Amino acid sequence: MEDLETLLYRYFGFNSFRTGQKEIIEDVLAGHNVLGVLPTGSGKSLCYQVPAITLGGAVVVVSPLLSLMSDQVKQLKARGFKDVVAINSFVDYKERHILFEQLETYKLIYVSPEMLQNEQLIKRLKLMSISLFVIDEAHCISQWGHEFRPDYLKLNTIIQALKYPPILALSATATPEVQADIITQLDELPFNKHVYPMDRTNIAFSVQNCQSKQDKINYLEEVLTTFPVPAMIYFSSKKEAELVARILDEKLRNLRVSFYHGGMDPLDRTLIQQQFMKDQLDVICCTSAFGMGIDKPNVRLVVHYHIPTQIESFIQEVGRAGRDGLSSVSLVLYAPFDDLLPKRLIESELPKEEQITSIVNALEQVATSDQTQALNSHTLIMERFEINEVQWRFLQFQFEKHDMIKKNQFMPIYNKRIEVIESIKQKIEERNHYKMKKLQEILAWVSGTSCRREQLFHSFQTTIKTPDFLCCDLCDFSFQKWEPLIKSSQTETTSWELELAALFLQQGAENET
Amino acid sequence: MILDYIILQCIKKIKSERSTASIFHLLSGKRSAQTLQDANMYELTAYFGIYKGMHRSLFQQQIYELQKKKYITLDSQDNAHITGDGDAFLKKEEYNHLIKDLNGMEYTRNSDLLWLRLQLWIQTYTNIAHNNYFFVAITDNKEVQSWVKQHYSKYNVYIKEWLTGVYQELEYFLKQIDSLLADLFVERLSGYKKIGLTKDQLAKKYYVKETDIHIYQTIVIHKLIVHIESNYNNLKYIQCFYTDINSAEKFMTDSAKKTNRWLNKGFDLNHIAKIRNLKISTIQDHVIEIAFTDSDFVITQFVEQKTIDTIITAVKQLDTTKLKQIKNYLEGRYSYFEIRLVLAYSKTKAIGGE
Ligand SMILES: Nc1ncnc2c1ncn2[C@@H]1O[C@H](COP(=O)(O)OP(=O)(O)O)[C@@H](O)[C@H]1O
Ligand SMILES: [Zn+2]
């Protein structure tokens with residue numbers, strides 16, 4: 001067999017492995033269960049893509065990120081790796097049927113956790129030889145993880161049904177507490193842990209207290225005028241991202257500023273993303289929808305115009321700065337009342353306690369009457385009680401737990417009703433409480449008084465590396481001392497004739513200039 | 001401004017006989033009998049579907065602005081009346097040379113496909129010419145992707161020749177149209193180390209309203225189609241992006257084709273049966289045939305979305321396509337026609353894999 005480096009070059013065009021990749025791959029190939037914790041952007045997907053090529057049998061990847069899934073499938077196909085498929089709710093049932101029939105022909109199968117509840121799929125998988133079972137974003141399995149996904153709790157039954165294939169659990173943000181919980185949820189199987197530190201030595205941290213929105217914008221303008229560098233600015237609100245992008249674009253004539261959020265049409269989203277990647281855009285005002293699967297090496301500055309709801313997301317987003325190892329900065333802008341927006345976001349993630357009684361009653365009615373209606377009940381309930389997708393996912397899991405939903409049918413619970421209602425309400429309270437606690441953590445960090453780097457990473461790792469450049473605003477950082485690499489971005493004006501010729505590589509293009 | 005102009009022209013032609021919503025449906029290309037009839041009756045077929053995917057709120061805003069400028073007034077039924085100022089605006093503005101090649105009813109489906117093919121083809125060939133095989137495709141449309149793939153597998157040894165050919169023909173075409181249109185067209189293209197601009201960015205750069213960018217883009221593509229159709233024999237390269245598009249009808253029987261044209265004029269099935277002196281069941285067969293061959297055919301003009309969902313769910317549960325079984329399972333609530341139509345529809349939606 002050719003060695004791993006040759007294979008890496010042949011299939012992916014990379015010359016060497018990044019930190020952790022080879023160690024994890026070797027462990028996986030040796031048949032061990034592996035828990036890998038590596039920072040975002042370190043190349044986790046390679047850790048199962050390489051085994052998918054070398055191992056006989058199929059590799060199953062469970063991932064909650066639908067968009068990322070199709071991105072990766074696209075990229076792999078672009079690289080000539082054809083035996084790859086994504087099965088999720090976007091695939092319509094006819095197409096799904098065909099996919100299931102030919103499932104054996106695939107070597108790398110991405111599935112969403114919901115799809116794994118499909119009995120037909122499990123039946124097919126059981127007939128196949130599964131050489132590796134990958135759990136991407138494994139922190140979702142833990143109630144203490146910041147993105148708990150109830151579906152993930154059922155993974156152990158599926159692993160059981162598949163007769164315990166080797167497991168690879170991957171995450172970018174798992175505290176020791178969460179790591180332990182991941183293993184508990186996976187039936188305490190023996191795991192080899194590969195945990196790599198989160199802190200990046202080339203990023204300095206800074207928090208700027210502002211008085212108002214206007215103050216934030218002025219500060220941004222000042223920083224970006226002094227340092228016209230590639231930058232990402234994170235917002236929690238789409239509207240505000242657009243607004244600030246427009247203002248900055250007006251004011252910063254030498255920088256190209258645009259915005260990106262989940263509400264834009266897909267083509268525009270691709271264009272903006274690609275422009276940023278190819279240095280056609282300098283500053284991007286975005287929501288957390290931006291950045292997944294993005295690997296731009298020269299982002300010099302990551303700004304949080306709004307703070308996220310927990311430290312874990314913050315670390316992930318900051319991790320998009322300075323992938324090339326050059327000096328980069330994380331800047332948080334904080335104004336009075338900035339804690340209100342994340343609080344509202346947290347509230348919107350779960351149904352209100354008051355809603356539970358009426359929803360349970362309504363379902364009880366469906367359960368005891370016309371079951372043909374039950375087929376469409378999800379959407380009916382979501383509309384009638386004005387609950388969103390995320391809230392419904394939570395409820396659905398609770399209902400299944402209490403045997404109110406079985407095989408997509410609603411079951412009557414009769415005299416257990418009060419008990420169930422109370423139990424769900426309590427769950428909501430617990431989750432809210434937990435999330436508020438997480439929010440308090442990041443708020444405490446923002447108003448901290450000792451080294452930000454230490455405060456940020458101490459719950460993830462025991463030692464903190466020495467920074468390559470500057471540390472944080474509480475130690476040594478100030479913008480006056482920052483010396484980032486600044487490339488002048490030239491905005492050349494040409495005619496369509498020249499542009500078209502250049503695009504089509506026609507000779508005339510150079511001569512005419 | 002050009003969108004204002006077009007809306008105003010619609011209002012004028014409709015002579016306050018319809019609400020403004022009908023104009024919204026016309027521009028966004030809703031294939032309902034009513035909209036198709038209106039388009040024909042008021043001679044607005046040119047504008048059919050020239051702004052697909054327009055948001056209702058955006059249209060409402062447009063109407064509001066026309067009102068504010070005192071170009072129109074609205075009555076209690078939401079029917080718009082053009083004012084003297086509005087009339088003057090229509091006379092003053094010179095958009096005729098831009099608008100004259102618009103032909104929505106005829107081109108709307110084809111122009112989307114042509115434009116996507118061109119964009120993806122250019123992106124693919126310019127990248128490959130630089131030996132770059134990794135790029136994020138500008139469209140997810142499977143039909144378009146497989147078209148470009150096929151083209152590539154056929155011509156991959158002639159990449160340079162094709163690039164030069166397409167370049168020359170496009171340049172020739174663009175030289176004949178308004179330079180703003182040419183600018184917008186080229187700026188939107190993506191290729192090797194060049195990512196196209198979004199509509200929002202184009203609007204800013206050229207001081208044009210974002211809504212108008214959309215219209216301009218439609219105009220360029222319609223002009224391109226006219227150009228291709230009238231220079232068919234001289235265009236060796238770009239005509240191939242278009243020739244096989246118009247093929248949905250190719251696979252229909254002549255009789256179904258005729259029914260299809262009547263449908264496009266907004267006639268209902270009974271009416272068509274009467275006009276063509278055929279049995280209604282024959283016309284229904286045509287509809288099924290059309291649904292099978294034309295993946296863009298909208299069946300909600302015959303069955304409600306709810307019915308479609310119910311039937312699909314039943315098919316899924318029974319795991320069969322046997323009509324009788326499905327009909328019985330649904331307790332005879334739906335006709336064979338409805339069930340067959342939904343089956344035909346779901347078949348066209350399921351194709352298009354790799
Ligand atoms: N060994 C390597 N050398 C160079 N680039 C790599 C290597 N491994 C991964 N990459 C690239 O790094 C980027 C991030 O990889 P990804 O798996 O998406 O990261 P993660 O999931 O850890 O955030 C991708 O663009 C990938 O192609
Ligand atoms: Zn410090």
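Computed from a predicted structure; not experimentally measured. Naming: A, B, ... by sequence-line order, numbering from 1 per chain.
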Between B/R188 and A/D268, does any NZ, NE, NH1 or NH2 come within less than 4.0 Å of an OD or OE carboxylate oxygen?
yes
Contact part of B/A129 toward chain A, heavy-atom cut-off under 4.5 Å: side chain, backbone, both or neither?
side chain
Atom CD of B/Q61 with >12 non-hydrogen neighbours under 6.0 angstrom:
yes
Go through A/M277 and B/V136 one step at a time and tell me if the side-chain contact (heavy atoms from CB on, under 4.5 Å) criterion holds.
CA-CA 11 Å; A/M277 296 288 288; B/V136 178; over 6 Å; no
Verify the neighbour count for atom CD of A/E119: are there more than 12 heavy atoms of other residues, nucleotides or ligands below 6.0 Å?
no
Among A/M264, A/Q280, A/E499, which residue forms the greatest number of heavy-atom pairs with chain B at distances under 4.5 Å?
A/Q280
Could you tell me which non-hydrogen atom of A/S258 sits nearest to which non-hydrogen atom of B/Q201, and how far apart they are?
OG-NE2, 3.5 Å
Evaluate A/L267 against B/I138 for side-chain contact (heavy atoms from CB on, under 4.5 Å), listing each step before the verdict.
CA-CA 6 Å; A/L267 176 57; B/I138 57 108; 4.0 Å; yes
Using side-chain heavy atoms (C-beta onward) and a distance below 4.5 Å, is B/I195 in contact with A/I272?
no
Close side-chain approach of B/L170 to A/F504, heavy-atom, < 4.5 Å:
yes
For the residue pair A/V257 and B/K204, what are the closest heavy atoms and their distance?
O-NZ, 4.2 Å
Minimum side-chain heavy-atom gap A/Q274-B/S190 below 4.5 Å:
no
Is there side-chain contact between A/W496 and B/K175, with heavy atoms separated by less than 4.5 Å?
yes
Surrounding NZ of B/K209 (heavy atoms of other residues, nucleotides or ligands, distance under 6.0 Å), is the total greater than 12?
yes
Ion pair present between A/R246 and B/D200, side-chain N to carboxylate O less than 4.0 angstrom?
yes
By side-chain contact (heavy atoms from CB on, under 4.5 Å) - contacts of A/E250 (at least two apart)
none
For A/E389, does the CD atom sit with more than 12 other heavy atoms under 6.0 Å from it, leaving out its own atoms?
no
Chain A contact via B/K193 - which portion, at a heavy-atom distance below 4.5 Å
backbone
Distance, nearest 0.5 Å, that separates CG of A/L505 from OH of B/Y192
10.0 Å
How about B/K327: does its NZ atom have over 12 heavy atoms from other parts shown lying under 6.0 Å from it?
yes
Part of A/R269 lying under 4.5 Å from any heavy atom of chain B
neither
Residue-level interface, residues 120-128 of chain B with chain A, non-hydrogen cut-off under 4.5 Å
B/W121, B/I122, B/T126
Do B/L197 and A/L271 have side chains that approach each other closer than 4.5 Å (heavy atoms only, starting at C-beta)?
no
Check whether B/E171 reaches the backbone of A/E497 with its side chain - one donor and one acceptor, N or O, closer than 3.5 Å.
no
